[in-house]
Chemist: 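The following block contains the structure, expressed as structure tokens.
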Amino acid sequence: MTSAHQEQQAPVRPTVQDEIAAAGSELIGGPIGRRALTGGSWWTPVRIVLLVMLGMFALGMVQKLPCYESGWFRGATSQYVHACYSDIPHLYTGRGFAADLTPYFDRIPQEISGGMEYLEYPVLTGAFMEVASWFTPQGGEMVQRQQIYWTVNAGMLMVCAAVLVVCVARTHRRRPWDALLVALAPALALTATINWDLLAVSLTAASMLMWARSRPFASGVLLGLATAAKFYPFLLLGPLLVLCWRAGRQRAFGTALGGTVTSWLAVNLPVMLLAPDGWGKFYSFSQERNIDFGSFWLIISQRTGNPLEHANTYAMLLVLMGCAAIALLTLCAPRRPRFAQLAFLVVALFIVTNKVYSPQYVLWLIPLAALARPRWRDFLIWQACEVMYYLGIWFYLAYTGSGDDRHGLPTEGYQFAILLHLLGTLYLCSVVVRDILLPDCDVVRRDGSDDPSGGVLDRAPDAFVLGPPQHRQPDTSTPQGSEVRWEARTGGE
């Protein structure tokens, strides 16, 4: 193997390309030198990132300690004041797991469910919750059982987080260190054990890894499983469709779509046929749910006093218009966008326009942001906005639930926290769109790469483009020279 080829295959060093990463590396001795030996050690980038993730996850569990000890069980306000709320212990009793009820099949008694007849989660998430209940003792004090149930779920979610970070590290072969963005994301540590979203997030990351390895059917199977755990992964089929259309890879998309439908039906069909009322609760609940926390619809409703009864229709129209704009951007861009870029944009669009934004929804975007825009400055700006929103919603709930002795964040302050979340997400969207329109700004492509997560799309010529002929896919067959030119131009930023 020639030295040039070895250099081409060597991992990209973020301390060379990113000034924030270089500054942060001073904590462990500074940026790696040109002559350092980076191979032959047990401490590979993937293993290091994985250990960092496990450490951050453990810190997130420690942050929940005030609630674990008392906040979840003795009054509602304490869990908000300490910003350590979790759905998990509450739904253990509120959705019949403590009573050993079978999700989707057994109707939940009104006195414990608060009006919810059946579990309002997709089937695979319901199975995850049920499996955790099997490891939770059925006898003894209820508080202790809830604590054990949360701990069991936290352990299972930690496995999901480990799968997530490994998949992100391996998706871009030459950029494993980008997964540190995921591992060190403060919003991930804070929200990982609020709900069960990490199951769908990890399956989605695994699906993207399989697509990057040119295995569309396996990618589709994993995407179908992710959709059986949460709805949002289904949205990734849209970017794949348009990208495969532009590249003339419709067969690969069809294979992925077939895998998605097959695995989704394999999980859902038994419950759909045997317990149709319970199975349909997730979909009816999502459709009928009113405007809720975190959305700009809530700001409009609170400021105007209008309940916005048709917000669901308006949100759907905005999503459709946004998807049409993303499709047009994909077909008109001077260079075919990367899969991760479009995946981030379409999920961000869904989040921004949705009628509810729960704090854990940030988990959907963290791995996509790390793959779409692996730039520490932009990522940390966005994360700062998300952490402020995380604190804002709990302090707002503490304020509204503290009676006459108000402590926390008033309505106007919470609306400002929502705006911070929206502006942070839109900022990250704007730099991703800029990278699409100006490919030279894309840090992933600075080493001459095309689409490391694109699989069959990587370096594929364009088959259909809207625009003049000069917009067609350029030749990217010289990655080595491209990297040298960029470092000479930027001084090795």
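Quick note: numbers below take in every heavy atom, side chains included, and nothing from hydrogens, waters or symmetry partners.
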Chemist: Within the side chain of D442, is there an N or O that forms a donor-acceptor pair under 3.5 Å with the backbone of V444?
Modeler: yes

Chemist: Between W196 and Y121 (judged by ring centroids, cut-off 6.0 Å), do the two rings come close enough to count as a pair?
Modeler: yes

Chemist: Got a second to check how far T260's OG1 is from L222's CG, nearest 0.5 Å?
Modeler: 9.0 Å

Chemist: Which heavy-atom pair separates W297 from L308 by the least distance, and what is that distance?
Modeler: O-CD1, 3.6 Å

Chemist: Determine whether a donor-acceptor pair (N or O, by modelled atom type, separation under 3.5 Å) exists between the side chain of R338 and the backbone of L371.
Modeler: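 Side chain of R338 to backbone of L371: a pair is present.
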
Chemist: Tell me whether K355 contacts the main-chain N or O of R289 through its side chain, where contact means a donor paired with an acceptor under 3.5 Å.
Modeler: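 It does hold such a pair.
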
Chemist: Judged by modelled atom types alone, do S219 and S207 share a side-chain donor-acceptor pair under 3.5 Å?
Modeler: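 Present: a donor and an acceptor within the cut-off.
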
Chemist: Can you give me the closest heavy-atom contact between R335 and S449, atom names plus distance?
Modeler: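 Taking R335 first and S449 second, the nearest heavy atoms are NH2-O, 3.1 Å.
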
Chemist: Do you know which two heavy atoms are closest between L420 and C385, and how far apart they sit?
Modeler: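 L420 and C385 have their closest heavy atoms at O-CB, 3.4 Å.
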
Chemist: Which heavy atom of F57 sits nearest to which heavy atom of A192, and what is that distance?
Modeler: CE1-CB, 3.6 Å

Chemist: Restricting to non-hydrogen atoms, name the atom on V356 and the atom on Y361 that form the minimum distance, rounded to 0.1 Å.
Modeler: O-CE2, 3.8 Å

Chemist: After noting the C-alpha distance and the side-chain angles of E120 and K281, does the key distance pass the salt bridge (Lys or Arg N to Asp or Glu O under 4.0 Å) rule?
Modeler: CA-CA 5 Å; E120 72 280 21; K281 184 60 184 178; over 6 Å; no

Chemist: Can a salt bridge be assigned to the pair R175 and D178 using a cut-off of 4.0 Å between side-chain N and carboxylate O?
Modeler: yes

Chemist: Does R213 CZ have over 12 foreign heavy atoms under 6.0 Å away?
Modeler: yes

Chemist: Show the numbers, then the answer: is there a ring-ring contact (aromatic ring centres under 6.0 Å, His included) between F282 and F231?
Modeler: CA-CA 10 Å; F282 165 70; F231 171 77; 7.6 Å; no

Chemist: Could you please spell out the steps behind the ring-ring contact (aromatic ring centres under 6.0 Å, His included) verdict for H90 and Y85?
Modeler: CA-CA 10 Å; H90 298 298; Y85 173 85; 5.4 Å; yes

Chemist: Under a 3.5 Å threshold, yes or no: a donor from one side chain and an acceptor from the other, between T151 and N153?
Modeler: no

Chemist: Would you say the side chain of F128 lies within less than 4.5 Å of the side chain of C160, judging by non-hydrogen atoms?
Modeler: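 Result yes, sub-4.5 Å side-chain heavy-atom pair found.
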
Chemist: How far does CE of M316 sit from OG1 of T353, to the nearest 0.5 angstrom?
Modeler: 10.0 Å

Chemist: If we check side chain to side chain contact (heavy atoms under 4.5 Å, CB included) with L164, which of these qualifies: L199, V159, L188?
Modeler: L188

Chemist: Tell me, with the steps shown, if W245 and F464 meet ring-ring contact (aromatic ring centres under 6.0 Å, His included).
Modeler: CA-CA 7 Å; W245 181 14; F464 179 82; 5.0 Å; yes

Chemist: Hey, is the main chain of I291 close enough, under 3.5 Å, to the side chain of S295 for a donor-acceptor pair?
Modeler: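 Looks like no, no N/O pair under 3.5 Å.
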
Chemist: Would you check if the side chain of K64 reaches a backbone N or O of L190 as a donor-acceptor pair within less than 3.5 Å?
Modeler: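 Judged by distance alone, yes, a pair lies under 3.5 Å.
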
Chemist: With rounding to the nearest 0.5 angstrom, report the CG to CH2 distance, D458 to W211.
Modeler: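 Separation between the atoms: 12.0 Å.
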
Chemist: Within the 3.5 Å criterion, strictly below it, is a donor on N312 or E288 matched to an acceptor on the partner's side chain?
Modeler: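 Their side chains do not contain a donor-acceptor pair, so the 3.5 Å distance test is not met.
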
Chemist: Would you check if the side chain of T227 reaches a backbone N or O of L223 as a donor-acceptor pair within less than 3.5 Å?
Modeler: yes

Chemist: Determine whether the aromatic ring centres of residues W364 and Y232 are separated by less than 6.0 angstrom.
Modeler: yes

Chemist: So among V168, V165, L180, which one has a side chain to side chain contact (heavy atoms under 4.5 Å, CB included) with M53?
Modeler: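 Of the listed residues V168, V165, L180, the side chain to side chain contact (heavy atoms under 4.5 Å, CB included) partner of M53 is V165.
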
Chemist: Once rounded to the nearest 0.5 Å, what's the spacing between atom SG of C441 and atom CZ of R375?
Modeler: 10.5 Å

Chemist: Nearest 0.5 Å please: distance from the CZ atom of R95 over to the CG atom of D106.
Modeler: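 Here the rounded value is 14.5 Å.
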
Chemist: To the nearest 0.5 Å, what is the distance between CZ on F344 and CD1 on I351?
Modeler: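 Reported to 0.5 Å precision, the distance equals 8.5 Å.
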
Chemist: Of all heavy-atom pairs between G224 and W264, which one has the smallest distance, and what is that distance?
Modeler: O-CD1, 3.8 Å

Chemist: In plain terms, say whether D451 and R336 are close enough for a salt bridge, that is, a side-chain N and a carboxylate O under 4.0 Å apart.
Modeler: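 Not counted as a salt bridge, because no side-chain N and carboxylate O are separated by less than 4.0 Å.
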
